Amino acid sequence: MPKISLVVPAYKVQGYLTECLDSILGQDYTDFEVIAVDDCSPDGSGVILDRYAERDARIHVIHLTENVGLGRARNVGLEKAQGDYVLFLDSDDTLSDGALAAIADRLAATGDPDILVYDYVRTYWDGRVRPNQRADLLSGEGPDVFRLSDRPQLLDLLQIVWNKAYRRDFITRTGLTFPPGYYEDAPWTFCSLISAERIAILDRVCVLYRQRREGGNILKTVSRKHFDVFDQYRRVFDFIAAHEELDQWRTPMFCKMVDHYLTVLERPDRLPRNARAEFFHRAAADYRAHRPEGFQRLAGGRGHKYAMLERDAYAAMASATAAVKFRRRVRARARSAVNRSKRSAMGVFYQSQLRLPLDENLALFSAYWSRGVSCNPAAVDAELARLAPHIRRVWAIRPDAVDQVPKGVEYVRVGSRKYWAALARAKYLVNNVNFPDAVVKREGQIHLQTHHGTPLKTMGLDQQKYPASTDMDFDKLLKRCDRWDFSLSSNAFSTAVWERVYPSSYVSLEAGYPRNDVLVNATAADVRRARAQLTLATGTKAFLYMPTHREYQPGFDPGLDLGRLADELGPDVTLMVRGHYFYGSSPHIAELRRSERIVDVSAHPRVEELYLAADALITDYSSAMFDYAVLDRPIIIYTPDWDIYSTVRGTYFNLLEEPPGMVATSQAELIRLLGSDEYDGPDAVERRAAFRLRFCEFDDGRAAERVVRRVFLGEETPLPFVPFTERSHAPTPDQALESVERA
């Protein structure tokens, strides 16, 4: 039997669950089990739990067939727990380093008490950490083990279940279970504390309580479900009534109840406006029903609120609340005046356009900071033309890139009056990065964020952990994210990352990447055409080398002696080199063009055509590997600086351990691989298959259609995915040539 059982319910936490589980499994104390309860989560949480359970026998996963809510999910886990002690951990929170060892040591030192109370801190998306405001209650002199009557001030701690370890036979003896509904922690924590004969404390932070920027706290949701609080306190007083020895706690529980009701009433993010009077009257009825004999109200503002409940004086309470709101409105108007002054700096013309009606049939597209017509936005544009030709499609293009716009594409120059007019009036805004900070999100506008790759390197808020990699203003970043209505995802892995690092209220659209549709649907003729445009001779093997950007390098350094590589590979091999768009054209590669076996394709407008033309991809940390994997062609990972890159930028998984093919860490090793069949041998094929299954799960050739139908046509029912084993992909260059020969 393990010493500790951790019960971890999971519901819509795919962006945080991995960090939670890692914080448990990374503990230096190992005598524990994890009872993970998938509360019929509609996202990838259940899959994540199963993946961890396969790797660690201490994790036991229970998949519920219907969503039962946090309290009852905990009950299911509690029934399966075998440990001497039970800990509850919410699946978006984490344990601090060494927490379990500290808890186990304290339990042993205090003779295995009924309850051990420990500390926590609040952690925020911007890196702030706020201590528990009543952490002082966990310090000070006194006996190591005590009853609550010896330290009643512990009731002033935030009454949550996950800052305590509970002896399992104490739970069984007391008959504790979690009730359904909101505020399920209240009856559990109050009834357990007042019942415990032996309580101990641990003055150490053991839990990092995540304060999500968006979502994650149902108690901040406006709903009638907040009426559940009345049932929860009824349970507390029923428990006291059933145990005469606990009658001394009636007055403290009465005060906790009234304070809790007042908190619900005073928070603007809880009760619907038309339910406030009803809630007040219910609270007043409970006040009178549970008021202890001889109870004396406190003086001051708090006592005044108690008096209004005692008299059921809702009108008086409403008037006092209205006065507070009036003062808030005055302050808000002052802030609004300041904001209007700031917005005027955007330009009088843009402001005038914002006052005009939206154009319901106008879509504005941009890609890679308006560098051209490409990537997911371009694929969405093409499908929109097919399915909804009545919608006018316009591209935002930088002045220095207008000569690269394909013929027939309508565009506006970034910074021009037409550009600001389109930003102000377009119903649809589509981008694979972000529009400028000055853009105002209008009511009725729909922003589609398509992203431009599956993340290997850390992104968004996770970059705060790697300050050398960015000088980003994270406050401004999140304000830009707040404009998104849809966030496009190519796999569940990406969805979990995006939702965590860009926390906002958008809808995750798991559709696949539209730019990859061509990699699934292209014909042999398309492959031959792509090679012909690059003047690749028949029979030539083409390797596409695509290294990514490195923050610690000021310019493009291919990391290879390309001339030597070309010589070693021989005359029948052409090396296509594409530098990252951050670097622009490369003089280094230009010098090598004369060899005719090194082709600089950095300026090629459509990387998808390069993928179709290439027999294999050589890359390092570029998201190109995730897209090219759709083709099921060889991928060679060349990472001579893995230690530096992973330290400076950070990655979401170890590429050397989970690559999409063979790995080389030196040029000599790369040359050896490419000169043999090993780069496409059995080991490479096996690695590629596992990689494709994980990262190409939604790319079935219909991603653009899914996006257009959901975002532009408003269709709620998504197109079904083609089963992974039944999907096709574009033929290889050899297969494309064979089709001509057969013809």
Side-chain angles (χ1 to χ4, degrees), residues 8-22 36-55 59 61 63-64 67 91-92 212 214-216 376 448-462 484 486-504 506-517 519-520 623 625-630 651-655 658 660 688-704 706-707 710 718-727:
V8 184
Y11 183 74
K12 287 187 176 181
V13 287
Q14 61 182 2
Y16 308 100
L17 185 54
T18 296
E19 190 174 351
C20 173
L21 295 174
D22 286 345
V37 184
D38 170 18
D39 191 12
C40 200
S41 184
D43 62 1
S45 297
V47 174
I48 294 171
L49 292 176
D50 288 339
R51 190 159 61 237
Y52 271 79
E54 290 173 1
R55 302 202 308 253
I59 298 180
V61 181
H63 294 283
L64 302 184
N67 177 245
S91 45
D92 54 354
R212 291 203 222 170
E214 292 281 349
N376 291 316
L448 168 63
Q449 168 59 255
T450 72
H451 302 284
H452 53 275
T454 292
L456 167 65
K457 60 189 176 186
T458 56
M459 301 292 289
L461 295 185
D462 282 347
W484 303 353
F486 295 96
S487 169
L488 184 60
S489 177
S490 59
N491 45 62
F493 168 84
S494 294
T495 306
V497 172
W498 301 148
E499 291 182 356
R500 184 182 68 255
V501 304
Y502 302 125
S504 197
Y506 53 77
V507 173
S508 291
L509 186 56
E510 295 186 325
Y513 271 169
R515 71 183 183 196
N516 289 341
D517 287 348
L519 306 183
V520 178
S623 64
M625 72 180 79
F626 301 97
D627 301 324
Y628 194 80
V630 173
T651 61
Y652 289 119
F653 61 92
N654 189 324
L655 185 59
E658 302 177 76
R688 188 165 73 241
F691 192 87
R692 293 181 66 241
L693 190 62
R694 182 180 181 189
F695 296 112
C696 304
E697 59 180 316
F698 301 142
D699 284 317
D700 65 350
R702 303 188 71 182
R706 284 191 189 90
V707 171
R710 177 67 180 90
L719 294 173
F721 289 100
V722 177
F724 193 84
T725 56
E726 299 176 13
R727 295 179 196 173

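This structure is a prediction, so every number in the text was calculated from the model and none was measured.
Atoms CZ and CZ, on F653 and F695 in that order, are 4.0 Å from each other to the nearest 0.5 Å. Taking CG from L509 and CG from L448, the interatomic distance works out to 7.0 Å, rounded to the nearest 0.5 Å. Interatomic distance, R688 CZ to Y628 OH, rounded to the nearest 0.5 Å: 9.0 Å. To the nearest 0.5 Å, atoms CG (L488) and CZ (F698) are separated by 10.5 Å. Between the CG atom of N491 and the CZ atom of R692 there is a distance of 13.0 Å, given to the nearest 0.5 Å. Of the inter-residue distances, the one linking S45 atom OG with D50 atom CG reads 11.0 Å to the nearest 0.5 angstrom.
Taking every heavy atom of both residues into account, Y652 and M459 meet most closely at OH-N, 3.1 Å. The two atoms that bring S41 and K12 nearest to each other are OG-N, 2.8 Å, heavy atoms only. A pairwise comparison of heavy atoms in S623 and T454 identifies CB-O, 3.5 Å as the closest pair. D39 approaches Y11 most closely through the heavy-atom pair O-CD1, 3.3 Å. Across D38 and G46, no two heavy atoms sit closer than the pair OD2-CA, 3.6 Å. Of all heavy-atom pairs spanning V37 and L49, the tightest one is C-CD1, 4.5 Å.
E499 and S508 are linked by a side-chain donor-acceptor pair at a separation below 3.5 angstrom, with hydrogens and angles left out of the test. Side-chain atoms of T495 and D43 include no donor-acceptor pair closer than 3.5 Å.
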Please evaluate residues H451 and S487 with respect to the criterion side chain to side chain donor-acceptor pair (under 3.5 Å), reporting the C-alpha separation (whole Å), side-chain torsions for both, the decisive distance (0.1 Å), and the verdict.
CA-CA 8 Å; H451 302 284; S487 169; 2.9 Å; yes
Run Q449 and Y502 through side-chain contact (heavy atoms from CB on, under 4.5 Å) and show every step you take.
CA-CA 11 Å; Q449 168 59 255; Y502 302 125; over 6 Å; no
Start with the C-alpha gap between Y506 and W498, add the side-chain angles, then the distance that decides, and say whether ring pair (Phe, Tyr, Trp, His ring centres under 6.0 Å) holds.
CA-CA 10 Å; Y506 53 77; W498 301 148; 9.5 Å; no
Kindly determine whether E697 and E510 satisfy side-chain contact (heavy atoms from CB on, under 4.5 Å), including the steps that lead there.
CA-CA 10 Å; E697 59 180 316; E510 295 186 325; over 6 Å; no
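A side-chain donor-acceptor contact under 3.5 Å links Y513 to the backbone of G453.
Residues F626 and L456 have side chains in contact (heavy-atom distance under 4.5 Å, counting atoms from C-beta outward). A 4.5 Å side-chain heavy-atom check between L461 and P503 finds at least one atom pair inside the cut-off. Put simply, the side chain of P455 reaches to within 4.5 Å of the side chain of S494, judged on heavy atoms. The shortest side-chain heavy-atom distance between V520 and D700 does not fall under the 4.5 Å cut-off. Looking at F691 and M625, their side chains come closer than 4.5 Å, going by heavy atoms from C-beta outward. Here the side chains of V47 and Q14 are not in contact, with every heavy-atom distance at 4.5 Å or above. In this structure, the side chains of V8 and C20 come closer than 4.5 Å at one or more pairs of heavy atoms.
Using a 4.0 Å cut-off between a side-chain N of Lys or Arg and a carboxylate O of Asp or Glu, D699 and R727 do not qualify as a salt bridge. Residues D517 and R706 are not paired through a salt bridge, judged by the lack of any N-O separation under 4.0 Å between the basic side chain and the carboxylate.
The side-chain tip of R55 points at the ring of Y52 from less than 6.0 angstrom away and within 45° of straight on.
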